[in-house]
Participant: 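First the structure, then my questions, so here it is.
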Number of protein chains: 2
Amino acid sequence: MAQLDTKNRILNGAEQLFAREGFRNTSLRALTRLAEVNLAAVNYHFGSKDALLQAVIERRLLPLNEIRAKKIETVIEQARQRGTAPGADDLLRAFIEPTLEFRNSSPGADDFILLIGRSLSEPDATVRNCFLKLVLPAVHLLFAGLREALPQLSSAVLLTRLQFIIGTMSHVMSMGTLSPLNDPTFPQPLEQQALIDQLMKYALAGLEAPE
Amino acid sequence: MAQLDTKNRILNGAEQLFAREGFRNTSLRALTRLAEVNLAAVNYHFGSKDALLQAVIERRLLPLNEIRAKKIETVIEQARQRGTAPGADDLLRAFIEPTLEFRNSSPGADDFILLIGRSLSEPDATVRNCFLKLVLPAVHLLFAGLREALPQLSSAVLLTRLQFIIGTMSHVMSMGTLSPLNDPTFPQPLEQQALIDQLMKYALAGLEAPE
DNA sequence: ACCCATTTCAAACAAGTGTTTAAATACGCC
DNA sequence: GGCGTATTTAAACACTTGTTTGAAATGGGT
């Protein structure tokens, strides 16, 4: 199983470096040195640096998407059985909570969350799209649920607010629990669960504000 | 005045390419070709590529910071004269509105807004800090005002929510008016002023949510 | 023990990077 | 007009980039 070992060592190293230093700023030489594999191993096992990025993203994002989709569908399903509209708070939680809790799910997952938190504002369209095309279906599902939950909002306004929420999330994801304004005069940042609770309150209030 | 011409042509070209392609992904050769100046002109006039980035950011961010600081101080000052606490909505608007309206203030300013919208999640610490150190004072000022406006919120929660707002803003800035989820089944994005209004409502509701 | 496909390895490839150099040109001022 | 500083220029610098190559090593199956 030397093959899988090498492949995974590359994936783990790439996840760390792509997230912390950026995709273009990570050289294959730095990566293969960290992963303790030969320089040519990346092209042998993945074909190219671009294909490696896709593998890094898919490895974790596909499972995460399944979790989110299942949770959202459950919320919608249960509402349908009750004969009521799904709750905006339940829908939002089904999308936000698994995403942020994913950080603590396994070693390296925190780097992955950092990576996709940064992907949305990535200038390189190749990198951005690689992540976008995987995440779009989940957003579609959430949007459809929210349309039912908040029928008083126009479609355009709802979409705009959903984008605000995605922006807030990606900021939280790319920041970890620490403050970008790390200044001694500022208070200490919140713990993980308190942060999720605050994010839920903030996003829900913004979403439900009168139009 | 050939010197200023060259300097400004470099600054304009750099602003456009740094914003759209990213700082590290922009080569001096591509930049000098676009600006129609000699390759060595960048190092002659600015010293290095890093110093050029700083010049690009400072050229617009220093004036923008003055506008924002003045507006925030005016809000606080007027409240002080009334003997009341400043309004959270006035403070927020004093920070958000000039920032987003800056996009239409002059040619190239839209690229600049894109650039600093992306800076916050920039993996390269050099780039990130170059922008952060200039923006921090304005955030400090806003935070101090909001402390007075919303005394019922604990300091840690207020800071967290201010970060959410900054995340939302930087997302809007890095997206322009167009949707990252540009899909024909999604509704058309909002116009500039409607977007600002929605952002204000969203951020204010999230900020004032019960703790 | 042998074979054969899989994997590893050091070396080299062509192309692109930011920066420096020294000569050529331009331009304001006496 | 001509001196002297400021600017522009083409060329070269040393270095890094992703990728390819062909030989060496590995390891499971019969």
Side-chain angles (χ1 to χ4, degrees), chain A residues 1-59 115 119 122-130, chain B residues 1-59 115 119 122-130:
Chain A
M1 278 303 130
Q3 175 195 355
L4 276 185
D5 239 18
T6 299
K7 260 184 134 167
N8 280 328
R9 278 217 302 281
I10 293 175
L11 285 171
N12 293 337
E15 180 170 64
Q16 179 181 129
L17 290 182
F18 289 173
R20 300 185 192 178
E21 321 284 344
F23 176 66
R24 296 283 172 194
N25 304 338
T26 297
S27 75
L28 291 185
R29 281 162 181 85
L31 165 56
T32 52
R33 206 179 310 127
L34 173 69
E36 295 181 291
V37 301
N38 186 272
L39 168 62
V42 169
N43 286 277
Y44 176 77
H45 285 287
F46 296 93
S48 70
K49 192 189 173 188
D50 282 30
L52 170 61
L53 173 68
Q54 182 152 332
V56 166
I57 293 184
E58 283 183 354
R59 175 171 69 147
L115 176 62
S119 305
E122 173 67 45
D124 191 314
T126 307
V127 180
R128 205 173 52 237
N129 290 334
C130 172
Chain B
M1 275 306 131
Q3 174 195 354
L4 276 184
D5 239 20
T6 300
K7 261 184 133 167
N8 279 327
R9 279 217 303 281
I10 293 175
L11 284 171
N12 293 338
E15 181 172 63
Q16 178 181 132
L17 291 181
F18 289 172
R20 299 184 192 178
E21 320 285 343
F23 176 66
R24 296 284 171 191
N25 304 338
T26 297
S27 74
L28 291 185
R29 280 164 182 83
L31 165 57
T32 52
R33 206 179 311 125
L34 173 69
E36 297 181 291
V37 301
N38 187 270
L39 170 62
V42 170
N43 286 276
Y44 176 77
H45 285 287
F46 297 93
S48 70
K49 193 187 174 189
D50 282 31
L52 170 60
L53 172 68
Q54 181 152 331
V56 167
I57 293 185
E58 283 183 353
R59 175 172 67 147
L115 176 62
S119 306
E122 172 67 47
D124 191 313
T126 306
V127 180
R128 206 173 52 238
N129 290 333
C130 173

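These numbers were taken from a predicted model, which means no experiment stands behind them. Every chain is numbered from 1, with letters handed out A, B, ... down the list of sequences.
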Participant: Let me know the distance between CZ of A/F46 and C1' of D/dT20, rounded to the nearest Å.
Facilitator: 18 Å

Participant: Just N and O in the side chain of B/T6: are any of them under 4.0 Å from OP1 or OP2 of D/dT8?
Facilitator: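 Yes, within the criterion.
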
Participant: Report yes if at least one side-chain N or O of A/H45 is closer than 4.0 Å to OP1 or OP2 of C/dT6; otherwise report no.
Facilitator: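 The answer is no; no side-chain N or O of A/H45 sits under 4.0 Å from OP1 or OP2.
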
Participant: Counting runs of three or more consecutive pairs, Watson-Crick or G-U wobble, with each distance below 3.5 Å, where are the stems of DNA chain D?
Facilitator: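 When the pairs of DNA chain D are grouped into runs of at least three, the stems are C:3-28 with D:3-28.
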
Participant: Do B/C130 and B/Q54 come within less than 4.5 Å of each other through their side chains, counting heavy atoms only?
Facilitator: yes

Participant: B/D5 CG to D/dT7 P: how many Å, rounded?
Facilitator: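 Rounding to the nearest Å, CG of B/D5 and P of D/dT7 are 12 Å apart.
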
Participant: Tell me the closest heavy-atom pair linking A/E36 and A/R9, and the distance in Å.
Facilitator: O-NH2, 3.3 Å

Participant: Could you walk me through whether A/L28 and A/N43 pass side-chain contact (heavy atoms from CB on, under 4.5 Å), step by step?
Facilitator: CA-CA 10 Å; A/L28 291 185; A/N43 286 277; 4.0 Å; yes

Participant: What string of B, S and - do you get for nucleotides 13-24 of chain C, 5' to 3', if B is base contact, S is sugar-phosphate-only contact and - is no contact with any protein heavy atom under 4.0 Å?
Facilitator: ----BBBBB---

Participant: Within the structure, does a side-chain N or O atom of A/N38 lie under 4.0 Å from either OP1 or OP2 of C/dA10?
Facilitator: yes

Participant: Using the side chain to side chain donor-acceptor pair (under 3.5 Å) rule, take A/N12 and A/R59 through it: C-alpha gap first, then chi angles, then the decisive distance, then the call.
Facilitator: CA-CA 10 Å; A/N12 293 337; A/R59 175 171 69 147; 3.0 Å; yes

Participant: State, yes or no, whether a side-chain contact exists between A/F18 and A/L52 at a heavy-atom distance under 4.5 Å.
Facilitator: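 Yes; the side chains approach each other to less than 4.5 Å.
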
Participant: Carefully, step by step, assess A/I57 and A/L115 under the rule side-chain contact (heavy atoms from CB on, under 4.5 Å).
Facilitator: CA-CA 9 Å; A/I57 293 184; A/L115 176 62; 4.3 Å; yes

Participant: If the condition is side chain to side chain donor-acceptor pair (under 3.5 Å), which residues does B/D124 pass it with, not counting sequence neighbours?
Facilitator: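 In terms of side chain to side chain donor-acceptor pair (under 3.5 Å), with neighbours along the sequence ignored, B/D124 is linked to B/R24, B/T126.
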
Participant: Indicate yes or no: at least one non-hydrogen side-chain atom of B/F23 is less than 4.5 angstrom from one of B/D50.
Facilitator: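 Of all side-chain heavy-atom pairs linking B/D50 with B/F23, at least one is under 4.5 Å.
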
